[in-house]
Number of protein chains: 4
Amino acid sequence: MGSTYGKIFNISTFGESHGKAIGVVIDGCPSNLDFDEAFIQEQLDRRKPGQSRITTQRKEGDSFQVLSGVFEGKTTGTPIAMVIFNEDQRSKDYSHIADSFRPSHADYTYSAKYGNRDYRGGGRSSARETAARVAAGAVAQQVLKGLGIEINAYVNQVGRLKLEKSYQELDLSKTYENAARCPDEDMAQQMFDYIDKTRKKGDSIGGVISCVAKGVPAGWGEPVFDKLHAELGKAMLSINAVKGFDYGSGFDGTELYGSQHNDEFYTDDQGNVRTKTNHAGGILGGISSGEDIYFRVAFKPTATIMVDQESVDKDGNAITVSGKGRHDPCVLPRAVPIVEAMAALVLVDFYLRRKAEG
Amino acid sequence: MGSTYGKIFNISTFGESHGKAIGVVIDGCPSNLDFDEAFIQEQLDRRKPGQSRITTQRKEGDSFQVLSGVFEGKTTGTPIAMVIFNEDQRSKDYSHIADSFRPSHADYTYSAKYGNRDYRGGGRSSARETAARVAAGAVAQQVLKGLGIEINAYVNQVGRLKLEKSYQELDLSKTYENAARCPDEDMAQQMFDYIDKTRKKGDSIGGVISCVAKGVPAGWGEPVFDKLHAELGKAMLSINAVKGFDYGSGFDGTELYGSQHNDEFYTDDQGNVRTKTNHAGGILGGISSGEDIYFRVAFKPTATIMVDQESVDKDGNAITVSGKGRHDPCVLPRAVPIVEAMAALVLVDFYLRRKAEG
Amino acid sequence: MGSTYGKIFNISTFGESHGKAIGVVIDGCPSNLDFDEAFIQEQLDRRKPGQSRITTQRKEGDSFQVLSGVFEGKTTGTPIAMVIFNEDQRSKDYSHIADSFRPSHADYTYSAKYGNRDYRGGGRSSARETAARVAAGAVAQQVLKGLGIEINAYVNQVGRLKLEKSYQELDLSKTYENAARCPDEDMAQQMFDYIDKTRKKGDSIGGVISCVAKGVPAGWGEPVFDKLHAELGKAMLSINAVKGFDYGSGFDGTELYGSQHNDEFYTDDQGNVRTKTNHAGGILGGISSGEDIYFRVAFKPTATIMVDQESVDKDGNAITVSGKGRHDPCVLPRAVPIVEAMAALVLVDFYLRRKAEG
Amino acid sequence: MGSTYGKIFNISTFGESHGKAIGVVIDGCPSNLDFDEAFIQEQLDRRKPGQSRITTQRKEGDSFQVLSGVFEGKTTGTPIAMVIFNEDQRSKDYSHIADSFRPSHADYTYSAKYGNRDYRGGGRSSARETAARVAAGAVAQQVLKGLGIEINAYVNQVGRLKLEKSYQELDLSKTYENAARCPDEDMAQQMFDYIDKTRKKGDSIGGVISCVAKGVPAGWGEPVFDKLHAELGKAMLSINAVKGFDYGSGFDGTELYGSQHNDEFYTDDQGNVRTKTNHAGGILGGISSGEDIYFRVAFKPTATIMVDQESVDKDGNAITVSGKGRHDPCVLPRAVPIVEAMAALVLVDFYLRRKAEG
């Protein structure tokens with residue numbers, strides 16, 4: 001229970017990190033959509049391990065195959081199943097952790113909940129599962145592109161290194177040009193060096209990803225519980241290692257007075273109702289206003305580190321978990337396409353719900 | 001669409017601020033639960049307007065009645081309908097805003113979405129709707145109390161006034177003893193004065209509520225999408241005026257190294273697996289670990305202020321929205337029981353989902 | 001759990017037969033719909049008890065009030081709550097059955113399931129609950145009328161009395177002109193007499209209702225599980241006392257050869273694809289074809305009879321349940337608007353899902 | 001939309017008859033269940049084509065593979081993905097129907113709905129999709145077996161050939177011993193001959209499958225909409241070619257008086273509340289009573305026949321659809337395991353919902 005997302009554009013992901021395959025079934029994708037396999041693969045490649053020396057060296061081609069729902073290059077409106085077979089099943093790397101609870105991993109809680117788990121790596125709790133989300137999200141992005149909507153995420157902070165520019169001051173088309181996934185070249189280099197230094201220490205570091213969606217028309221979102229930002233928040237928080245979410249003025253806005261924070265309306269040259277400022281982050285009362293939607297996603301430092309840590313085994317005995325193998329010193333760079341994917345899945349679902357309103 | 005929450009303990013709220021009534025139907029409440037009407041009313045009273053001079057002076061008794069689902073003091077397992085009739089329907093107060101889009105309110109987006117809205121006050125987007133949540137949440141809290149689970153929220157920050165103590169250093173039973181809803185008496189007084197000063201200026205201010213749930217056993221939460229913190233985040237973000245959510249180390253944790261952030265496991269005297277620290281906020285991999293669950297909720301300053309603001313009407317004409325009438329200079333104090341209610345609704349739903357796991 | 005229906009046009013009903021009120025919340029009704037209270041009351045009146053001597057003499061005005069979601073005569077797109085307060089709470093009539101399990105009633109199974117029940121009458125299992133469905137269904141019918149869709153149900157069989165005419169041979173506008181709810185006057189009289197004779201014997205009798213929906217365009221229904229006829233079947237089977245459902249050729253069609261049963265396509269004068277016959281009942285592969293949708297609903301004889309029956313009490317002791325009080329000798333006449341309501345709820349939901357397909 | 005079933009034990013099927021693969025993802029299967037691959041394959045073999053000369057000669061091994069959710073022979077509580085790759089992709093057989101609407105097939109309605117379809121065979125509307133259901137249902141059956149619940153379906157009627165015995169008079173363990181899937185040997189032979197004769201004429205014939213579930217305890221089912229029989233009805237009606245469903249006394253019971261139909265309660269030797277008769281079919285008020293659950297499912301004659309038929313193409317032009325290739329003269333024998341699978345999926349979902357009731 002819990003591996004499906006979306007009311008209309010509904011996805012079900014499956015698969016463990018060291019099982020036969022991971023994948024996703026999309027039920028509710030509109031028919032007659034041009035199915036752009038190259039774009040899906042491109043997004044998957046942006047998430048896959050081994051892209052640079054600041055990502056894990058686990059080797060996965062992450063090439064996917066479509067099993068259903070697409071015919072002669074177009075979606076048929078029936079469920080689209082996509083599968084990625086796991087190539088790098090080096091199970092022995094993980095055998096030493098079969099009975100151990102690694103600190104800040106989900107080993108213990110999965111055991112407490114299910115009483116049984118695929119102990120070869122993170123199993124279902126591995127970030128590997130997010131590849132399935134990226135594939136599904138790429139399909140959602142194709143739907144949104146057809147509506148003129150663009151989603152851009154980027155790394156905004158690594159540890160204490162913070163990009164002080166707002167998204168308006170950045171050229172978001174540059175994000176994927178560097179390994180740090182930061183559109184500001186100087187900051188990207190600093191982040192890269194910082195992560196690399198952290199990697200060499202065998203440690204890991206957290207950070208923040210920002211995301212902007214441009215072109216969303218007014219009227220998307222379903223109060224009172226399925227507010228647009230509430231679903232965005234849920235979707236982001238469901239990504240591995242995410243600890244926080246805010247949108248618009250967010251946590252910073254809590255320090256402002258209403259007279260500073262309120263966004264006054266005006267009518268622009270084209271006769272559209274607009275706001276002079278956008279502390280709202282493009283969402284009022286849980287419904288898109290037509291302004292840019294922007295939000296932040298906080299990631300904790302990767303739990304896997306190359307340092308010895310105290311812990312217990314499944315029988316409660318004290319043990320030492322020694323760090324070895326491969327790990328991501330910072331999940332942020334690889335998480336950028338995941339944030340974009342989840343944002344797209346949320347937005348496309350609200351787009352279709354909006355259509356259902358009659 | 002969007003006015004229901006919960007997979008098993010499912011609630012549907014209804015009602016506009018100036019309509020006949022607001023209410024909620026709970027479908028999926030366990031049977032044979034002692035139905036504590038006094039506690040429900042107590043929670044409603046903590047949310048209701050007019051409690052002190054730092055809350056709106058709108059007069060609402062907020063007394064509820066039960067229409068179904070309870071027999072001889074116990075729940076029957078059938079839907080529980082609770083209704084609060086609106087008493088204070090001073091519609092003329094609001095007539096001047098029938099065609100106006102008030103800045104940072106949902107007037108514009110509701111119009112864009114529905115093309116029709118109850119313009120007497122906030123209508124469905126009014127925080128008045130949250131009374132229905134508080135009533136339903138109080139029932140959920142009764143279920144949780146029977147399991148030894150306690151939920152305590154409190155005001156942690158108002159504007160730049162921040163309580164620097166952690167929840168462990170506070171006596172959370174004192175929260176409701178003051179109008180600011182802060183368990184630290186000194187800080188409570190400072191907050192009260194600050195809010196009152198803001199009120200006198202006709203302005204409003206934001207802040208942060210913290211919440212702790214104690215006694216949740218390991219194993220609640222449904223990866224990969226319905227992670228415990230993801231649903232908590234969605235539930236909190238669905239509350240009016242909320243702009244952000246984080247749990248455990250949250251946004252602050254992004255600056256830490258893994259070696260600082262990881263929570264090492266140990267076995268306590270009773271043989272329970274515990275962690276030495278709790279940066280995780282009691283949740284690992286989206287599943288409760290048995291440690292305290294704690295999180296923060298960021299609120300923007302109230303949109304209604306007693307200051308003139310530029311805006312447009314429904315035809316796009318420039319207008320001035322003048323502040324008059326009643327407003328909350330700071331929503332935080334009244335939002336404390338709402339945060340508790342939503343936390344309870346999330347937790348009770350996961351409790352029941354956990355039972356369904358076979 | 002289980003008191004909600006519909007994916008987009010979602011209803012939640014609540015209420016016990018002898019509680020304070022019954023009612024329904026509709027979440028997902030399109031905005032800007034003219035809200036025809038008179039039509040809702042008309043349908044409620046067609047279901048209410050005491051209409052003729054062949055229905056129960058329980059007295060209920062069944063007048064409803066709208067608590068939310070309607071403003072200035074139009075729907076606002078927010079939840080519509082409608083409530084009917086119970087007037088005739090003659091609880092003492094039912095006190096003798098507090099501990100008894102009446103044969104073929106749900107007393108025993110509700111007790112087994114919930115361990116607690118409102119024993120004053122049928123409680124939640126009473127057909128009184130269907131009044132809430134009729135109110136919600138009437139709103140759905142208003143949406144469908146705007147699309148040119150008409151739904152007509154009628155009593156087709158009472159006991160062994162069967163109307164041998166097909167719906168095409170009948171003037172369905174006459175159904176509500178008689179107490180038997182049969183559009184054929186002769187048969188209506190025979191049915192009335194038969195039911196009345198049964199009533200005098202203190203017994204009850206079953207029957208069949210037929211229903212036709214005209215004007216449904218091709219393309220509604222969601223394979224593979226939410227086929228149009230599968231949802232119609234579920235909706236009909238959820239009505240009290242229903243034991244069976246078939247559509248198109250139904251059970252009779254099982255005896256035919258494919259060469260007899262297949263409906264050949266042709267193009268009509270307007271260029272529409274049509275079928276020469278309609279054994280399909282207007283549904284192919286779970287999707288509407290544009291032909292008339294027709295189906296049958298089988299009802300068992302009312303469980304309440306004025307005859308002594310053997311049974312047991314809640315402690316398993318043998319008892320005699322004596323029939324007294326008021327009962328419907330045949331539920332069919334009053335069930336006609338319920339069948340129409342449920343059909344409308346199914347169709348409007350598929351209409352909105354169709355719109356969501358992008 | 002529409003390819004998922006179940007609230008807790010949730011399945012999503014995918015795949016077209018002539019695409020790369022069909023399959024299913026189960027989300028919500030209890031963990032630690034012994035995963036019996038042999039039984040799954042056995043049920044698939046009972047459904048697969050080419051078993052005897054009265055089934056289609058299409059060749060499909062229907063061997064499945066598990067991609068996730070099972071570890072060391074046990075379920076892990078995470079999604080179970082099972083895939084069956086299509087072997088017999090003789091697409092050219094179907095090229096002549098690319099633009100044709102075959103009578104009583106779903107070609108036309110899928111085109112009307114989606115504007116695009118995999119025209120190689122039935123695509124998504126093909127009964128081939130039911131193999132995925134059988135695989136998922138076999139997992140559900142394993143859960144139920146652990147609870148002592150047994151589900152047995154059998155062919156009860158083919159055309160006008162009807163088995164006049166009740167299920168109590170039959171040895172249901174013999175059903176799969178013959179190609180007709182009828183536990184009565186004599187009748188099985190008659191049915192076989194009848195179907196074979198129909199096949200030789202190039203025609204097809206309908207029929208009825210009966211199903212019995214023994215061992216279901218009292219208390220399963222969720223009124224008022226998700227009644228046990230309502231979900232059974234929906235599940236059965238969602239199977240290809242099904243036209244009707246009834247349970248207990250069903251359509252026949254409509255002719256009875258209440259005094260004949262009511263099932264009187266008594267207490268048996270073990271102190272259990274039982275009924276003397278079981279017209280209820282084991283379900284009262286939508287909740288299981290502890291008695292045997294039994295129901296009937298009506299199937300129309302197969303739409304594919306070897307006879308020329310009039311029809312139209314996608315442009316509305318009159319055409320002749322000539323029968324050629326392979327077809328099932330009667331779907332009933334192969335549908336027996338499908339009925340069992342769907343019954344198991346319904347029951348296991350209610351079992352888990354029952355557990356969630358607190």
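The figures that follow rest on heavy atoms only: side chains count, while hydrogens, waters and symmetry mates do not. Below, chains carry the letters A, B, ... as their sequence lines are ordered, and counting in each starts from 1. This one's a predicted model, so the numbers in the text were calculated from it and none came from an experiment.
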Exercise. What residue in G250(A), P223(A), S288(A) has the most heavy-atom pairs under 4.5 Å with chain B?
Worked result: P223(A)
Problem set entry | Expected output: side-chain K227(B) to main-chain S238(A) donor-acceptor under 3.5 Å | yes
Exercise. Do the numbers put K201(A) on top of the ring of Y257(B), so that NZ or CZ is under 6.0 Å from the six-membered ring centre and no more than 45° off the axis?
Worked result: yes
Exercise. Of the listed residues (K162(B), K300(B), H229(B)), which shares the most heavy-atom pairs with chain A below a 4.5 Å separation?
Worked result: H229(B)
For this session: Pick whichever of P329(A), S204(A), G285(A) has the most heavy-atom pairs under 4.5 Å with chain B.
Result: S204(A)
Seminar exercise, completed: The interface call for I305(B) against chain A, heavy-atom contacts under 4.5 Å, is side chain
Exercise. Mind checking whether F245(B) and L237(A) have side chains closer than 4.5 Å, heavy atoms only?
Worked result: yes
Seminar exercise, completed: Rounded to the nearest 0.5 angstrom, the OG1-CD1 distance for T109(A) and I287(B) is 4.5 Å
Exercise. For the residue pair G244(B) and F251(A), what are the closest heavy atoms and their distance?
Worked result: C-CE1, 3.8 Å
Exercise. Can K243(B) and D252(A) be counted as an ion pair, charged N to O under 4.0 angstrom?
Worked result: no
Exercise. So, Q157(B) versus T254(A): side-chain donor-acceptor pair below 3.5 Å or not?
Worked result: yes
Exercise. Would you say the side-chain atoms of N262(A) pair up with the backbone N or O of S104(B), donor to acceptor, closer than 3.5 Å?
Worked result: no
Seminar exercise, completed: E255(A) and R160(B) have their tightest heavy-atom pair at OE1-NE, 3.4 Å
Exercise. With the threshold set at 4.0 Å, does a side-chain nitrogen-carboxylate oxygen contact exist between K113(A) and E357(B)?
Worked result: yes
Seminar exercise, completed: Ranking G258(A), A106(A), G219(A), P217(A) by heavy-atom pairs under 4.5 Å to chain B gives rank one to G258(A)
Exercise. Which bit of A303(B) comes within less than 4.5 Å of chain A, counting heavy atoms only: side chain, backbone, both or neither?
Worked result: both
Problem set entry | Toward chain B, the part of V307(A) with a non-hydrogen atom under 4.5 Å | neither
